[in-house]
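Here is the structure we will look at.
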Amino acid sequence: MDFEEREQRRRRQLIKVIIAEVGMVLSVIAIVVVATLAAMGFFVTSSGKIEQSGLIQIHSMPTGATVELDGSTIFSRTNLSRSLTAGEHSLKLSRDGYDTWQKTIKMSSGMLMRLYYPRLFLLNRKSELALRLDEELEFYLPSLDRMYILYAASDSATWNLVNVRDDELKTTQLDLSKILPGITDGKFLGEVKDLRWSNNSDKVLAKIAYSGKVEWVLINLRDLKQSLNLSQTFGLEFTQVEMIDDGAAQLFVLENQQLRRINTNDQSISRVLLKDVMTFANNKTNLVYVMQSVANQGSDKEKIIGVYRDGEKGGTVLTKVPDETSVTVALTRLYDEDYLAYAIGNNLSVYYGALPSYREDAQNTDFSSLKILIDKAKLKMAPESFSLSPEGEYIVASREKQFMVVDLETGELIEYDAMTAKLSWLDGAMMMAVDNDSLWAWDFDNTNQRQLVRYLPTDVKDDDDNDVKADTGAVTTAIHTKLAQYPAMIADNDRWLYYLTETNSGLALMRERIRD
């Protein structure tokens with residue numbers, strides 16, 4: 001073998017090695033690409049097309065529910081994650097001894113859908129007497145964290161704080177005779193017009209009307225001596241008060257259409273932050289407001305929808321509308337993004353992102369930080385008010401029995417006619433109402449409607465194990481005037497459903513175990 005032949009052979013071997021190396025590199029790249037695309041939900045259909053699936057995460061209360069997808073049982077129990085092709089799918093959750101939960105879901109390519117709210121209720125539940133209340137109540141209000149119930153009898157200066165965190169209830173009596181306005185001869189002769197819990201359940205904000213006056217009182221339930229009558233302390237007539245932080249140490253207040261901030265710790269009040277404010281909604285230190293002003297081109301009044309970020313020199317105008325147009329606003333926060341909603345008449349818009357900052361030159365304000373979730377959706381009715389679910393995941397607009405719910409995670413808008421105009425949240429995603437002789441509950445999107453309690457007949461035991469029979473006539477006539485105004489609650493431990501009923505001896509707090 002001469003030198004030239006050896007060189008040719010060596011070159012051929014080198015080319016083979018290079019081709020092999022290149023092939024190995026390309027194979028590794030292909031494997032990585034395929035694995036990455038598979039992890040991202042891409043797959044090849046039977047027709048040869050490449051499509052992307054979505055991912056669904058299913059939790060349930062209680063866990064361990066069997067999952068049925070599109071009529072086939074998945075051999076896995078909640079809680080679980082699973083990829084789904086884009087399109088509609090039927091989902092059903094079931095567990096022995098419990099009722100079922102089902103829903104039609106719509107999956108989009110690349111979507112992450114979190115179903116954390118499905119709740120199954122134990123079948124064949126038995127009601128039991130938890131606490132006997134007074135015949136007439138001034139108010140009854142569960143806390144936002146579902147750990148407490150606060151109530152008071154009519155004309156009473158003593159409020160009752162019920163701890164429902166454990167199976168054994170604990171009641172603390174709070175003497176507010178030196179705190180509440182409208183106390184005469186030890187009796188409360190005023191009216192609680194509004195009552196709201198702080199997020200940490202340490203305080204409640206009360207709006208009290210008496211003798212033609214209105215006063216706002218921040219009541220410290222852990223230390224009554226630290227309670228503060230806001231109206232008397234600052235000598236101002238507030239038309240709106242909203243808590244800023246979880247412990248209500250900071251407040252936004254509206255007085256004579258002037259927005260200010262209060263520090264309840266040192267009892268100080270800020271300068272005027274905004275003027276001509278008609279109403280506002282806040283999330284922590286940020287807020288969205290409705291302001292009234294005079295148009296530049298004439299004397300006609302107009303309404304301004306704007307946002308204010310705490311510490312800035314002024315507000316940022318989002319849009320302007322004629323003065324006669326109805327406007328409602330809402331603000332919440334989800335997954336580290338602000339969600340801002342406003343309805344102009346019956347046109348609903350929802351934005352998300354970061355609220356724009358104030359600039360001296362208002363004409364050059366940058367709104368690119370806000371993205372459109374819903375753009376001028378035409379509602380069946382112009383809403384009277386906005387409200388938020390307990391954890392801020394859903395925005396609810398309402399007018400009479402018409403409810404319009406926005407699921408902020410999916411951007412879905414659901415409109416439906418409710419059985420009554422008085423709805424409450426049973427937990428973070430489930431609504432409830434009393435209608436006719438029953439307590440009803442359903443998911444925020446009006447699915448999975450269930451009759452949880454039928455009030456007639458009521459057959460419970462009192463503290464001495466004697467039968468307590470319901471006065472059926474009394475319950476029938478009082479069902480809307482009494483029971484309908486008292487919200488039911490699922491305790492934070494997710495074991496008990498608490499609700500009020502009326503017996504021939506007065507109102508009673510009942511409970512049913514809803515899970516093992």
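For residues 422-434, the pairs satisfying salt bridge (Lys or Arg N to Asp or Glu O under 4.0 Å) are Arg119-Asp427, with sequence neighbours left out. The stretch residues 375-398 participates, sequence neighbours left out, in these ring-ring contact (aromatic ring centres under 6.0 Å, His included) pairs: Tyr394-Phe444. Annotation: salt bridge (Lys or Arg N to Asp or Glu O under 4.0 Å) contacts involving residues 137-148, sequence neighbours excluded, comprise Arg146-Asp494. Legend: salt bridge (Lys or Arg N to Asp or Glu O under 4.0 Å) pairs involving residues 394-409, not counting sequence neighbours, sorted by first then second residue: Arg114-Glu409. Within the structure, side-chain hydrogen bond (donor to acceptor under 3.5 Å, both in side chains) contacts touching residues 280-290 (residues at least two apart or in different chains) are Asp246-Lys284.
The shortest distance between side-chain heavy atoms of Gln102 and Leu91 does not fall below 4.5 Å. Between Met404 and Leu348 there is no side-chain heavy-atom pair separated by less than 4.5 Å. For the pair Glu215 and Asn229, the minimum side-chain heavy-atom distance is below 4.5 Å. Contact annotation: the side chain of Val396 never approaches that of Leu423 to less than 4.5 Å [non-hydrogen atoms, C-beta and beyond]. Looking at Leu93 and Thr100, their side chains never come closer than 4.5 Å, going by heavy atoms from C-beta outward. Residues Tyr117 and Glu391 are not in side-chain contact: their nearest non-hydrogen atoms beyond the backbone lie 4.5 Å or more apart. Side-chain contact between Leu84 and Leu69 is present, with heavy atoms from C-beta onward closer than 4.5 Å. No side-chain heavy atom of Tyr499 sits less than 4.5 Å from a side-chain heavy atom of Leu452.
Judged purely by distance below 3.5 Å, without hydrogens or angles, the side chains of Ser94 and Glu68 never pair a donor atom with an acceptor atom. Side chains of Thr66 and Arg95: no donor on one and acceptor on the other come within 3.5 Å.
Tyr339 meets the ring pair (Phe, Tyr, Trp, His ring centres under 6.0 Å) test with Tyr352; sequence neighbours excluded. Among residues two or more places apart in sequence or in another chain, the side-chain contact (heavy atoms from CB on, under 4.5 Å) test is passed with Ile372 by Tyr351, Asp375. Residues passing the salt bridge (Lys or Arg N to Asp or Glu O under 4.0 Å) test with Asp70, sequence neighbours excluded: none. With sequence neighbours left out, the salt bridge (Lys or Arg N to Asp or Glu O under 4.0 Å) criterion links Glu312 to Arg309. Partners of Gln451 by side-chain contact (heavy atoms from CB on, under 4.5 Å), not counting sequence neighbours, listed by chain and number: Ser438, Trp440, Arg454. Contacts of Leu122 classified as side-chain contact (heavy atoms from CB on, under 4.5 Å), with partners at least two apart in sequence or in another chain: Tyr98, Arg125, Asp516.
Screening Ile244, Val253, Leu251 against Arg261 for a side chain to side chain contact (heavy atoms under 4.5 Å, CB included) leaves a single residue, Ile244.
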Could you pull out every donor-acceptor pair under 3.5 Å between side chains of residues 325-334 and any protein atom, sequence neighbours left out?
residue : atom : partner : partner atom : Å
Thr325  : OG1  : Pro322  : O            : 3.3
Thr332  : OG1  : Gly392  : O            : 3.3
Arg333  : NH1  : Asp338  : OD1          : 2.9
Arg333  : NH1  : Asp338  : OD2          : 3.4
Arg333  : NH2  : Asp336  : O            : 3.0

Please evaluate residues Ile262 and Thr264 with respect to the criterion side-chain contact (heavy atoms from CB on, under 4.5 Å), reporting the C-alpha separation (whole Å), side-chain torsions for both, the decisive distance (0.1 Å), and the verdict. CA-CA 6 Å; Ile262 284 177; Thr264 63; 4.0 Å; yes

In sequence, state the C-alpha distance, the side-chain angles, and the governing distance for Val192 and Ile208, and then conclude on side-chain contact (heavy atoms from CB on, under 4.5 Å). CA-CA 5 Å; Val192 179; Ile208 309 294; 3.9 Å; yes

Could you walk me through whether Tyr148 and Leu221 pass the side-chain contact (heavy atoms from CB on, under 4.5 Å) check? CA-CA 11 Å; Tyr148 300 94; Leu221 301 174; over 6 Å; no

Check step by step if side-chain contact (heavy atoms from CB on, under 4.5 Å) holds for Val350 and Leu413. CA-CA 10 Å; Val350 182; Leu413 170 64; over 6 Å; no

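Between the CG atom in Leu388 and the CD1 atom in Ile395 there is a gap of 6.0 Å [rounded to 0.5 Å]. Summarising the geometry, atom CD belonging to Glu415 is positioned 12.0 Å from atom CG belonging to Asn446; distances are rounded to the nearest 0.5 Å. Summarising the geometry, atom OG belonging to Ser293 is positioned 3.5 Å from atom CD1 belonging to Ile304; distances are rounded to the nearest 0.5 Å. Between atom CD of residue Glu237 and atom CG of residue Leu254 there is a gap of 12.5 Å, rounded to the nearest 0.5 Å. Note that OG of Ser424 is 12.0 Å distant from CE of Met489, once rounded to the nearest 0.5 Å. The OG1 atom of Thr447 lies 8.5 Å from the CE atom of Met430; values are rounded to the nearest 0.5 Å.
For the residue pair Ser81 and Leu55, the shortest heavy atom distance occurs at CB-CD1, 4.3 Å. Scanning both residues, Gln250 and Asn263, for their nearest heavy atoms gives NE2-ND2, 3.1 Å.
The backbone N or O of Leu205 lies less than 3.5 Å from no partner atom in the side chain of Trp216, so there is not a single donor-acceptor pair. Side-chain atoms of Asn347 never come within 3.5 Å of backbone atoms of Leu379 as a donor-acceptor pair (strictly under, hydrogens ignored). Under a 3.5 Å cut-off, the side chain of Arg450 and the backbone N or O of Ala441 do not form any donor-acceptor pair. Between the side chain of Asn346 and the backbone N or O of Lys380 there is no donor-acceptor pair closer than 3.5 Å. Between the side chain of Lys303 and the backbone N or O of Gln292, no donor-acceptor pair lies under 3.5 Å.
Using the six-membered ring where Trp is involved, Phe234 and Phe238 have ring planes that are perpendicular, over 60° apart on the 30 and 60° scheme. The aromatic rings of Tyr416 and Phe403 sit parallel to each other, their planes meeting at less than 30°, with 60° as the upper class boundary. Between Tyr116 and His59, the ring-plane angle classifies as parallel under the 30° and 60° cut-offs.
Taking the charged nitrogens against the carboxylate oxygens, Glu242 and Arg196 do have a contact shorter than 4.0 Å, which makes a salt bridge. Salt-bridge check for Asp445 with Lys103: passed, with a basic side-chain N closer than 4.0 Å to an acidic carboxylate O.
Surrounding NZ of Lys275 are at most 12 heavy atoms belonging to other residues, nucleotides or ligands under 6.0 Å away.
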